[in-house]
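Reading through the structure tokens given below for one structure.
All chains are named by letter (A, B, ...) in the order of the sequence lines, taking the proteins before the strands, and each is independently numbered beginning at 1. Side-chain atoms are counted along with the backbone in the values below, which use heavy atoms only and exclude waters and symmetry mates.
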Amino acid sequence: MKLSKKKAIEGLVFATPLLLGCLLFYAIPFVLVFLKSVTKGIGNTQEFAGTDHYVAMFENEIFVRAFGNTMKFLVVALPLIILVAFAVALILKEQARKHQWLKSVILLPYVMPVVGTVLIIDHLFATTGLVNESLYALGLPVADWLNSEWAFIVVVLLFLWKNTGYAVILLLSGLTTIPDALYDAASIDGASKFHRLRYITLPQMWYSFFFATVFSLINAFKCFREIFLIGGTYPHDSIYMLQHFINNSFEKMSYPKLAVASILLLIVIVTVFAVFYRVVLRKEDYKG
Amino acid sequence: MKQNPIKKLFTMVTVLLSILLFTSCSSEEPRDPNTIWIVTEQTTQDGMNGQAERVKKAFEKAHEGITIELEILPKEGQEREIRLEKLRAAIMSGKGPDGFLLPTNTNGNAPLFLDINQAMRSGLFSDISNYYDADNELDKDGLENTIMEAGVIDGSRYVLPLRYDFPVIYADADLLRSSSFNIDRLSSSTNDFWNEITENGDTSWILGAASDKSEVLGRFTYFSQMIDYDTGELVDSEVLNDFLTSYQHIISMRGESYPIFVGDIVSYLGRKQFFDESHPMEVSTFSSAYAYTAIAKLTGQELAMIPLRTMEGDVLATVTYFAAVGAGSRNPEMTYAFLREFLSETCQWEQNRDTAFRYAAGLVAEGWPVRCVGAADPLWQVCKKINKKQAINDPILDVTLSDADIPILSTTVDKVRFGNRYLEYQILGSKLALLNDPLTGEATNIDISKLIIEIYEELEHHMAEG
């Protein structure tokens, strides 16, 4: 149904504050950041640098390591969280009606303060932490969980523990919109649980998966706070993320490096999500 | 359908308020180019704040219409962190202070510029070559040229070094001559100095070579040479290994003892103790040379003053105080005009010092003025005035000094760096502390090769992120 011109204008007017905010706090700063990435110096010393900074960044081993670690974290953590959250959501879908309090409990790690989370991690994974003590008691080899390659696994586990609840809530809301009549009809036709999942549940969950992934991505970047408190300014190489690089470059006032790192990260994320969204649109195309 | 007038009114009001909110958020009063915003650090043990205030008043009087806004950074804590963060954001956006008047030692707190060498190369300071070169009123012949060149990158001047320093070995010359030391080896490099002392010296010599001040100066000088900012190269790992091993060894030889420190006028006035057989030597700063010389003149002792050289055998000076015009300055010419006042004889030799200053610890900041020639006498006079109350009727007040009395003043400096105590401790000092037991000085079992890897990683990060 096409909107009348008047209605359209009214709608635009109501949307103006948000659009203005997006322009002032996102679009314009983005343009400024891009400009900073192609200039060197500031104020009186500013001059055009072209792609010099971009070329230098790809030759910068520390940046490449940080970027690689961040991508590795996202590639590992995001699919895992969706899988785990979906599994939990499927279970909760049956149980949530009987136990409403489950939904609140599952969100507790998400709302826990960062410092509390870090204390738990430290208590568990420090050299003399609970995990090592248990392994030692069982006669198994211990590890330096926070200052070795294992730190990456710890960070992924931390991310999953903290943010699965939030993803569960998002996916659960998608699951509850699927009409029960479809499942009933499929059961009558002899469809197994797996068939119902594959042919009824999954095709209708693409948008939910997409939004859960987007929010999980946002939460993944927020994970930097915990990583910073665990590992400090210079954590183990395996968990030295792009945010560490950006944070440290800010302290050193290396604006071009900050800007280039941000732009490159944005390009990667926008590309990946644009492709993902296209896939989602195709999958949802049957709805018309 | 009839239009709802209330809805229309509500919409208009909402939009208007939003526009007002956003425009007021983004608006900013432009800075007056006649107000020069200078950022400096809070000082307690020296008189730089006081001097800056006096220079500010004189400058404003001489330049009608110009106001100097002197911002003193919070000393420490969260207040400082928040302020530094805001300043850094302002500097990066091109709206930073007009000028900076900063020490390179911020007493363990993170400085505004983590690395001046990098800051110069990143374009955070304005090129003041034109102003400096055209400044015919400034007596540049009296300035230590090698030190002044530290503020020049690729022919452009970004910084005015104001004070500098380097470590010096002070010893009773007679005791040194009668010892079995190879004097050439003592004066060849930090490593050789430490090794010579531990191999051929007794406890009294070791305590002097490994005093707190000595080891801080030694490692600070060493850190300054670990990065070549022009090529991006880092110090060789074998050289670093030698340094760590020698350091561990001399601290373990020092043991639990913490020697007294004699090369200070206030300490001398209190204890009347100078170099003797139990304390024949200590490592201190070049800027303390006048104090050592004055006391030695009084006690009739001959002093040996040997620069403590780097691992490569260079005399490496670190700039301890500097001035720079910010890249975001609205009035770089006037900012330069204000900052260059600190290169004048009056400021460099503290002729405008307030003698009622309570802290009698010493002269402005750490470091010797870059206006080196002729500095000994005026600075000694200031020092006597500062210590007049404590030194009342003391014969030290009758001692006179000139440049000729302090031969170390004519030492040729081979290299200059901008010091950074904070970074030095973060990257090197904190690792060195793991080499020995803090109480007994005993060498720990720490794997030095692992420490070297950590140090290299942090140095690489520092270079990559800056």
[X] atom [atom1]: more than 12 heavy-atom contacts under 6.0 Å:
{"X": "Y54(A)", "atom1": "OH", "value": "yes"}
{"X": "W161(A)", "atom1": "CH2", "value": "yes"}
{"X": "D52(A)", "atom1": "CG", "value": "yes"}
{"X": "D154(B)", "atom1": "CG", "value": "no"}
{"X": "Y277(A)", "atom1": "OH", "value": "no"}
{"X": "F14(A)", "atom1": "CZ", "value": "yes"}
{"X": "E333(B)", "atom1": "CD", "value": "no"}

What's the verdict on side chain to side chain contact (heavy atoms under 4.5 Å, CB included) for H461(B) and T233(A), showing C-alpha distance, side-chain angles and the deciding distance? CA-CA 10 Å; H461(B) 276 111; T233(A) 313; over 6 Å; no

Looking at I28(A), I246(A), L32(A), I62(A), which one has more heavy-atom pairs under 4.5 Å with chain B than the rest? I62(A)

Please rank A261(A), S249(A), P256(A) by heavy-atom pairs under 4.5 Å with chain B and give me the top one. S249(A)

About how many Å separate [atom2] of [Y] and [atom1] of [X], when rounded to the nearest 0.5 Å?
{"X": "I91(B)", "Y": "M253(A)", "atom1": "CD1", "atom2": "CE", "value": "4.0 Å"}
{"X": "R121(B)", "Y": "K40(A)", "atom1": "CZ", "atom2": "NZ", "value": "13.5 Å"}
{"X": "S254(A)", "Y": "L124(B)", "atom1": "OG", "atom2": "CG", "value": "8.5 Å"}

Choice from G94(B), A89(B), S122(B), G123(B) maximising heavy atom contacts with chain A below 4.5 Å: G123(B)

Based on non-hydrogen pairs under 4.5 Å, which of S126(B), S93(B), A464(B), G96(B) is most in contact with chain A? A464(B)

Please classify the contact between F250(A) and chain B as side chain, backbone, both or neither, with a heavy-atom cut-off of under 4.5 Å. both

Of the backbone (N, CA, C, O) and the side chain (C-beta and beyond), which part of L258(A) lies under 4.5 Å from a heavy atom of chain B, both, or neither? side chain

Are the side chains of K252(A) and Q118(B) in contact, using a 4.5 Å heavy-atom criterion? yes

Quick one: does E457(B)'s side chain get under 4.5 Å of D237(A)'s, heavy atoms only? yes

Take E61(A) and E460(B), measure what side chain to side chain contact (heavy atoms under 4.5 Å, CB included) needs, and give me the verdict at the end. CA-CA 9 Å; E61(A) 274 179 35; E460(B) 280 165 4; 5.5 Å; no

Result of checking E454(B), H462(B), E465(B) against Y234(A) for side-chain hydrogen bond (donor to acceptor under 3.5 Å, both in side chains): E465(B)

Between E85(B) and chain A, with a heavy-atom cut-off of 4.5 Å, which part of the residue counts as in contact: side chain, backbone, both or neither? both

Taking every non-hydrogen atom, the tightest pair across I42(A) and M92(B): CG2-O, 3.4 Å

